[in-house]
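What follows is a single structure, written as structure tokens, with notes after it.
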Protein chains: 2
Amino acid sequence: MTGTSNTQATLKVTTDAWEALFRAQVAVMRQITTMPEFAKLSLREYDVLFNLRHAPENETRLVDLNKHLLISQPSLSRMITRLEERGLVSRCTDPTDQRASRLKLTEAGLSMQQEIGRAHVKQLHLLLGEAMSEEEFIELQRLSTKLHNAVE
Amino acid sequence: MTGTSNTQATLKVTTDAWEALFRAQVAVMRQITTMPEFAKLSLREYDVLFNLRHAPENETRLVDLNKHLLISQPSLSRMITRLEERGLVSRCTDPTDQRASRLKLTEAGLSMQQEIGRAHVKQLHLLLGEAMSEEEFIELQRLSTKLHNAVE
DNA sequence: TGTTATTACATGCATACGCATATAAATTAG
DNA sequence: CTAATTTATATGCGTATGCATGTAATAACA
């Protein structure tokens, strides 16, 4: 059909899908960041709390957390200092590796994440709930996850 | 089936799809930004050139360009100043509205965008080409676009 | 075991960012 | 037609960011 016989999707199809996904992400994020809840915490800070929330026992090493974010390691290090000062995250040396910092959501941090998370979800639902059918959302999730797994 | 009878997808399905899309975007972007091509231009700067490239006659007003980005208007204004100094973008007052700036890709800006864009596409294909079938990529693009249109 | 390499995190420094606000042009109201 | 309002962009200022590098602990090697 395409003239090539390997198993790769064509350049164009791959790129078009990525650009569409990227543009959708920007558009939705633009809407979400207008929410009053994000006055309390920047998007990047929320993302840190979100990732900690989904780590086993709400705890990770700094370097592992960093792998899920777009910011640099030094930026994350300083952001954690600020979140620590605000009582949202605690930092302690890993007993099994004296180099490493173990980060953990505090009670306050957990509450904050849940509060913003709920508002976030509500807003998303309002914004997107009628955009597509239930089946389409499920398919979008499946394909996004597949893409994600491919690059990890 | 769900107990509700409206046309909205459930909270969970909507949110799960969004989170999967968001995480996929972060993961792919993390890979892309390691490319040597992004030493020349930050991701945000590339995004500006990309958007100008896709505007009619490679030209837009600052405020319209800003609508497609996550950065603030003042940040964009200063970024354009820097891109102008590097000869990649030109800025002139809109003759039909003396308040507005019309931005345009220069020849150098166009070349730069194309050069990085090509490397970008190549890397994406390498990274994602085998992740999914052609049909799945097309479906991912369709669903992402649908989501995008819903929030615009 | 002593030496080198690697890994984890922090810090100095220049720059980019966002918020609040200023300026100036266009639009609307009276 | 003037005054008030809105829209488009720019600027001051404090803060966050990234890059290069420093420090210290672990791992690899000879």
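FYI, side chains are in, hydrogens and waters are out, and symmetry mates aren't considered; it's all heavy atoms of this structure. Only a predicted model underlies this, so the values are computations on that prediction, with no experimental measurement involved. Just so it is clear: chains get the letters A, B, ... in the order the sequence lines come, proteins before strands, and each one is counted from 1.
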task: Give a yes or no answer on whether the side chain of A/His125 reaches the backbone of B/Ala9 with a donor-acceptor pair at less than 3.5 Å.
output: yes
query: Under 3.5 Å, side chain of B/Gln25 to main-chain N/O of A/Leu21, donor-acceptor pair present?
result: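 Checked: no pair found.
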Hey, could you give me the [atom1]/[atom2] distance between [X] and [Y], rounded to the nearest 0.5 Å?
X	Y	atom1	atom2	value
A/Leu41	A/Gln113	CG	CD	9.5 Å
A/Thr14	B/Leu127	OG1	CG	10.5 Å
B/Leu83	B/Leu52	CG	CG	8.5 Å
B/Asn51	B/Leu105	CG	CG	10.0 Å

message: Once side chain to side chain contact (heavy atoms under 4.5 Å, CB included) is applied, do any residues pair with B/Glu139, and if so which ones, sequence neighbours excluded?
response: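 Per chain and number, B/Glu139 pairs via side chain to side chain contact (heavy atoms under 4.5 Å, CB included) with A/Glu139, A/Leu143, B/Arg142, B/Leu143.
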query: Got a sec, which residues hit side chain to side chain contact (heavy atoms under 4.5 Å, CB included) with B/Ser111, two or more places apart in sequence or on another chain?
result: none
query: Pairs in or reaching into residues 21-42 of chain A: which pass salt bridge (charged side-chain N to carboxylate O under 4.0 Å, His left out), with residues at least two apart or in two chains?
result: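 Checked against salt bridge (charged side-chain N to carboxylate O under 4.0 Å, His left out) - neighbours excluded - the pairs reaching residues 21-42 of chain A are A/Arg23-B/Asp47, A/Lys40-A/Glu115.
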message: If I compare all heavy atoms of B/Leu65 with all of B/Ile80, which pair ends up nearest, and what's the gap?
response: CD2-CD1, 4.3 Å
- line: Looking only at heavy atoms, the pair that brings A/Lys12 and A/Asp16 closest together is NZ-OD2, 2.6 Å
Where chain A begins and ends its contact with DNA chain C, read 5' to 3' at 4.0 Å from heavy atoms: C/dT7 to C/dC13
message: Please enumerate all residues that pass ring pair (Phe, Tyr, Trp, His ring centres under 6.0 Å) together with A/Phe50, with sequence neighbours excluded.
response: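 Per chain and number, A/Phe50 pairs via ring pair (Phe, Tyr, Trp, His ring centres under 6.0 Å) with A/His54.
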- request: Could I get the full list of ring pair (Phe, Tyr, Trp, His ring centres under 6.0 Å) partners for A/Tyr46, not counting sequence neighbours?
  value: A/Phe38, A/His120
Could you pull out all donor-acceptor pairs under 3.5 Å where a side-chain atom in residues 145-152 of chain A meets a protein atom, sequence neighbours excluded?
| from | atom 1 | to | atom 2 | distance (Å) |
| --- | --- | --- | --- | --- |
| A/Thr145 | OG1 | A/Gln141 | O | 2.8 |
| A/Lys146 | NZ | B/Glu136 | OE1 | 3.0 |
| A/Lys146 | NZ | B/Glu136 | OE2 | 3.0 |
| A/Asn149 | ND2 | A/Thr145 | O | 3.3 |

field: Bending between helix ends of the helix from C/dT1-D/dA30 to C/dG30-D/dC1 [5 pairs per end, 10° resolution]
entry: 30°
message: Can you pull out the residues from residues 43-77 of chain A that lie within a 4.0 Å heavy-atom distance of DNA chain C?
response: A/Arg61, A/Leu62, A/Val63, A/Gln73, A/Pro74, A/Ser77
Show every donor-acceptor pair shorter than 3.5 Å between a side-chain atom in residues 93-102 of chain A and any protein atom, with sequence neighbours excluded, or say none if there are none.
| from | atom 1 | to | atom 2 | distance (Å) |
| --- | --- | --- | --- | --- |
| A/Asp94 | OD1 | A/Thr96 | N | 2.8 |
| A/Asp94 | OD1 | A/Thr96 | OG1 | 2.8 |
| A/Asp94 | OD2 | A/Arg102 | NH1 | 3.3 |
| A/Asp97 | OD1 | A/Arg99 | N | 3.0 |
| A/Asp97 | OD1 | A/Arg99 | NE | 3.1 |
| A/Asp97 | OD2 | A/Arg99 | NH2 | 2.9 |
| A/Arg102 | NE | A/Glu59 | OE2 | 2.9 |

message: Within residues 79-94 of chain B, which residues have any heavy atom lying less than 4.0 Å from an atom of DNA chain D?
response: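 DNA chain D contact set from residues 79-94 of chain B: B/Arg91.
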Write down the protein N/O and nucleotide N/O pairs, taken from nucleotides 23-29 of chain D, whose separation is under 3.5 Å; answer none if there are no such pairs.
| from | atom 1 | to | atom 2 | distance (Å) |
| --- | --- | --- | --- | --- |
| D/dT26 | OP1 | A/Gln98 | N | 3.0 |

